[in-house]
Amino acid sequence: MLRLHDTATGAVRPFEPRDAGRVAMYVCGPTVYDVPHLGHGRFVLVFDVLRRYLEWSGYEVRYVSNITDVDDNIIQRANAEGRSESEVALQYEAVWYEATDALGVRRPDVDPHATAYVEHMVGLVEQLVERGCAYETGDGVYLSVESVPGYGLLARQSLDSLQSGARVEVDDEKRSPVDFALWKKVKPGEPSWPSPWGPGRPGWHTECVVMALDLLGDGFDIHGGGQDLAFPHHENERAQAVAMGRSFARHWVHNGWVMVGGEKMSKSLGNFTSLVDLLERVDGRAYRLLVLRSHYRSPLEVTPDTTADASSALERLDNLVRRAAAEALPRAAPDVGALDRFRTAMDDDLDTPAALAVLFDAVRQANSALDAGDPAGAAPLVATVRELAEAMGLVLGGDDEAVDPDTAALVAARDEARAGRDWAAADAARDELVARGWVVEDTPAGTRVRRRRN
RNA sequence: GGCGGCGUGGCCGAGUGGUUUAGGCAAGGGCCUGCAAAGCCCUGUACCCGGGUUCGAUUCCCGGCGCCGCCUCCA
């Protein structure tokens, strides 16, 4: 039985889906105005792992994640670069998926775009106004948080303390500083859509309510995102649903941030590393492993040291799978005990570090069995490693880089020299291979090479 | 000011009121190897500080110190 932390209650509690055997989850996606950074990489991995684990556990999962393709930043960039908002959005959406693909993150079942939902959003705002929960001002339409019982649930603060601590600029027309825009009336140089309040565009917090309820229905199971979305974004989504008298997410899941030098990585601090840059130097699987190595709600420090560490650990996993592939092991089912330990760890609020410990234990045992010349003993352990890695989205073994003719010649030369016990020549060939970036290993079948990582 | 989180061995990072250990990376020793690499075995006596509860606390409670975050766009 999976237990998951729920931001709404601040506690880990049993996960009980709306419909038996099925999970409907919504994860807040990116605003596509720039390249994704490491923090984006972490959240897509965290929720990809949750999704995969739910499926591995037997649930049928419907996974929805939006693309915000209209917003201040996109408009600003489009104007600065003299092109249209949709051009900017399309470009960065392509970059987004290229990066998440490289991480091995499965694409959502549905990826709704805000611009395709504007009419729905206008409809929602109209209803909120009719219900007396929203009001029009000179520059837009706002939701009155006073009309929402329990506002502050996700912030885990009372409305009073939120109001007293509010840092938003005072706007005379707003009834409370915490009230937020549902609709923004058009300003010069901005894209707009028609509405009862004149041309304008939707506020950010409205798209996710509309799309989540439309695609997953009332009372869907999981709503996820980075911790910084809990307040105000998710709070405000929930406020709209509550104001409409509709039930919203049953379970709120938020992941911790990526840190750099002890500080939160964020666009506003300007201390972010682009995910695209990282993926040029580091295997996407190593980043997945790095993310898996800490609990999803803890902060995660990403440095050259921690990524190198993860790369080495990944190599250990790859090495076993390669080694096993070369030995033609009998078919075998995974070890039941290990699977149980894995399940226990993951069921405990997705304790992936503990789950990895189970995986690495199986790796060591499999290597031992292989060392002992016991393929029958190794087979179930190798099957376990494959099974668990796959459950967490890690594809092991790696694609062995094709060996070019020069390299093949060096390998052949080394084998010949070794056969003739000409160690000097053999070592010279090895040195040359290493200099060319290969890892050289002698096996009963002769010299084997593979690309060195990092 | 309000609210929340964190402080574990060289590094990363789980976890637990007490018998044997998380796990990974790095390091040292050993086995294997022509030498290596890969792999295996062994080693390091860790839990911010001060009180309290307890037969016993890293693990619960209180206080302190330090760090971080949210209350504004942000994954």
Side-chain angles (χ1 to χ4, degrees), chain A residues 7 10 27-31 36-44 46-47 71-73 152 154-158 160-169 177-178 180 204 224-233 235 254-259 262-269 272 289-290 292-295 297-301 303 305-317 319-320 322-323 345 348 351-361 363-372 418 421-424 426-427 430-431 434 438-443 447-450 452:
Chain A
T7 309
V27 177
C28 278
T31 300
H37 60 66
L38 265 28
H40 296 103
R42 184 180 192 190
F43 98 76
V44 292
V46 164
F47 289 101
D71 119 293
D72 291 349
N73 292 307
L154 296 174
R156 306 205 56 72
Q157 286 201 66
S158 69
D160 278 353
S161 63
L162 283 170
Q163 285 178 332
S164 64
R167 289 183 283 161
V168 285
E169 285 172 37
V178 191
F180 59 92
W204 177 42
Q227 216 142 59
D228 43 3
L229 293 187
F231 190 92
H233 185 53
E235 185 79 55
H254 294 102
N255 66 276
W257 359 88
V258 168
M259 309 290 283
E263 259 191 339
K264 175 190 173 189
M265 172 177 293
S266 74
K267 293 263 171 106
S268 44
L269 289 175
F272 66 92
L289 197 53
L290 181 58
L292 250 14
R293 284 195 336 179
S294 71
H295 186 85
R297 285 190 283 115
S298 302
L300 174 66
E301 189 78 39
T303 65
D305 277 356
T306 61
T307 53
D309 185 324
S311 296
S312 298
L314 174 65
E315 212 170 318
R316 178 166 161 76
L317 298 175
N319 285 347
L320 171 71
R322 264 199 225 92
R323 181 181 183 191
D348 181 14
D351 188 350
T352 54
L356 283 177
V358 177
L359 176 70
F360 279 97
D361 277 341
V363 169
R364 181 178 43 75
Q365 289 169 15
N367 273 317
S368 284
L370 256 12
D371 281 354
R418 292 190 71 227
R421 305 183 67 80
D422 180 353
W423 308 128
D427 290 350
R430 179 169 61 198
D431 290 346
V434 169
W438 296 93
V439 174
V440 181
E441 293 177 9
D442 296 337
T443 73
T447 299
R448 289 169 54 89
V449 294
R450 64 167 201 276
R452 184 167 50 237

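Residue numbering restarts at 1 for every chain, and letters A, B, ... go by the order of the sequence lines.
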Asker: B:C35 base to A:D442 side chain: any donor-acceptor pair below 3.5 Å?
Answerer: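 Yes, a donor-acceptor pair under 3.5 Å.
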
Asker: Give A:E263 one of three labels, base, sugar-phosphate or nothing, depending on what nucleic acid heavy atoms sit under 4.0 Å from its own.
Answerer: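 Counting heavy atoms under 4.0 Å across all strands, the contact made by A:E263 is with sugar-phosphate only.
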
Asker: For a quick test of reading the model: is some side-chain N or O of A:N255 closer than 4.0 Å to OP1 or OP2 of B:A75?
Answerer: no

Asker: Using atom CD of A:E441 as one end and atom P of B:U33 as the other, report the distance to the nearest whole Å.
Answerer: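 After rounding, the reported distance stands at 16 Å.
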
Asker: Between C1' on B:A38 and CZ on A:R448, what's the gap in Å once rounded to a whole number?
Answerer: 11 Å

Asker: Examine the base of B:A75 for any acceptor or donor lying under 3.5 Å from a partner atom in the side chain of A:R42, and report the outcome as yes or no.
Answerer: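 Side chain to base: no pair below 3.5 Å.
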
Asker: Looking at B:C70, I'd like to know if its phosphate oxygens (OP1 or OP2) sit under 4.0 Å from a side-chain N or O belonging to A:K264.
Answerer: yes

Asker: Just how far, in rounded Å, is P of B:C25 from CZ of A:F360?
Answerer: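 Interatomic distance, CZ of A:F360 to P of B:C25: 6 Å.
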
Asker: Considering only B:A75, B:C3, B:G23, which nucleotide approaches the side chain of A:A357 most closely?
Answerer: B:G23

Asker: Just to be sure I understand the rule, does A:V258 reach a base, reach only the sugar-phosphate, or reach nothing, if contact means heavy atoms closer than 4.0 Å?
Answerer: base

Asker: Using atom C1' in both nucleotides, what's the gap between B:G23 and B:U8 to the nearest angstrom?
Answerer: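 The answer is 14 Å between these two C1' atoms.
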
Asker: Between B:G24, B:A38, B:G34, which one does the side chain of A:N319 approach most closely?
Answerer: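 The nucleotide sitting nearest to the side chain is B:A38.
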
Asker: Any side-chain donor paired with an acceptor under 3.5 Å for A:R316 and A:N319?
Answerer: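 There is no such pair between these side chains.
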
Asker: Which whole number of Å gives the distance between the C1' atom of B:A57 and that of B:C67?
Answerer: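 Going atom to atom, C1' in each nucleotide, I get 24 Å.
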
Asker: Tell me what A:D160 touches on the nucleic acid: a base, only sugar-phosphate, or nothing, going by heavy atoms under 4.0 Å.
Answerer: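 If one applies the 4.0 Å heavy-atom cut-off, A:D160 turns out to touch nothing in the nucleic acid.
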
Asker: For atom C1', what is the distance between B:C74 and B:A38, given to the nearest Å?
Answerer: 45 Å

Asker: Which value, in whole Å, describes the distance between the P atoms of nucleotides B:C41 and B:G69?
Answerer: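 Looking at atom P only, B:C41 and B:G69 are 41 Å apart.
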
Asker: Can you list the residues that meet the salt bridge (charged side-chain N to carboxylate O under 4.0 Å, His left out) rule with A:E263, with sequence neighbours excluded?
Answerer: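 By the salt bridge (charged side-chain N to carboxylate O under 4.0 Å, His left out) rule, A:E263 matches no residue at all.
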
Asker: Roughly how many Å apart are B:G18 and B:U54, using the C1' atom of each and rounding to a whole number?
Answerer: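 These two C1' atoms come out 12 Å apart once rounded.
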
Asker: Rounded to the nearest angstrom, tell me the gap between atom CG in A:L359 and atom P in B:G24.
Answerer: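 Spelled out: CG on A:L359 to P on B:G24 is 10 Å.
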
Asker: Taking ring pair (Phe, Tyr, Trp, His ring centres under 6.0 Å) as the test, write out the residues that go with A:H37, two or more places apart.
Answerer: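 Ring pair (Phe, Tyr, Trp, His ring centres under 6.0 Å) check on A:H37 returns A:H40, A:F272.
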
Asker: Mind checking A:R364 for me? I need base, sugar-phosphate or nothing, with any heavy atom below 4.0 Å counting as a touch.
Answerer: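 Contact class for A:R364: sugar-phosphate only.
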
Asker: In whole Å, what separates the P atom of B:C61 from that of B:G5?
Answerer: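 Each nucleotide's P atom is 12 Å from the other's.
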
Asker: Taking the C1' atom of each, how far is B:U53 from B:A46, in whole Å?
Answerer: 24 Å

Asker: Checking all strands, does A:P36 fall into the base, sugar-phosphate, or nothing category for heavy-atom contacts under 4.0 angstrom?
Answerer: nothing

Asker: B:A14 pairs with which nucleotide, Watson-Crick or G-U wobble, both distances below 3.5 Å?
Answerer: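 Partner of B:A14: none found under 3.5 Å.
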
Asker: Give me the distance, rounded to whole Å, that separates B:G10 from B:U19 when you measure between the C1' atoms they each carry.
Answerer: 29 Å

Asker: If you go through the side-chain atoms of A:R316, does one of them form a donor-acceptor pair with the base of B:C25 closer than 3.5 Å?
Answerer: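 Under the 3.5 Å cut-off, the side chain and the base do not form any donor-acceptor pair.
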
Asker: Please write out the pairs of protein N or O atoms and N or O atoms of nucleotides 13-17 of chain B separated by less than 3.5 Å, giving the distance to one decimal.
Answerer:
residue, atom, partner, partner atom, Å
B:G13, O2', A:R293, O, 3.4
B:A14, OP1, A:H295, N, 2.8
B:A14, OP1, A:S298, OG, 3.0
B:A14, O2', A:D351, OD1, 3.4
B:A14, O2', A:D351, OD2, 3.1

Asker: Could you tell me the separation between the CG atom of A:L370 and the P atom of B:A38, rounded to a whole number of Å?
Answerer: 16 Å

Asker: Ignoring hydrogens and angles, does a donor from either the side chain of A:D427 or the base of B:G34 sit under 3.5 Å from an acceptor on the other?
Answerer: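 It does, because a donor-acceptor pair links the side chain of A:D427 to the base of B:G34 below 3.5 Å.
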
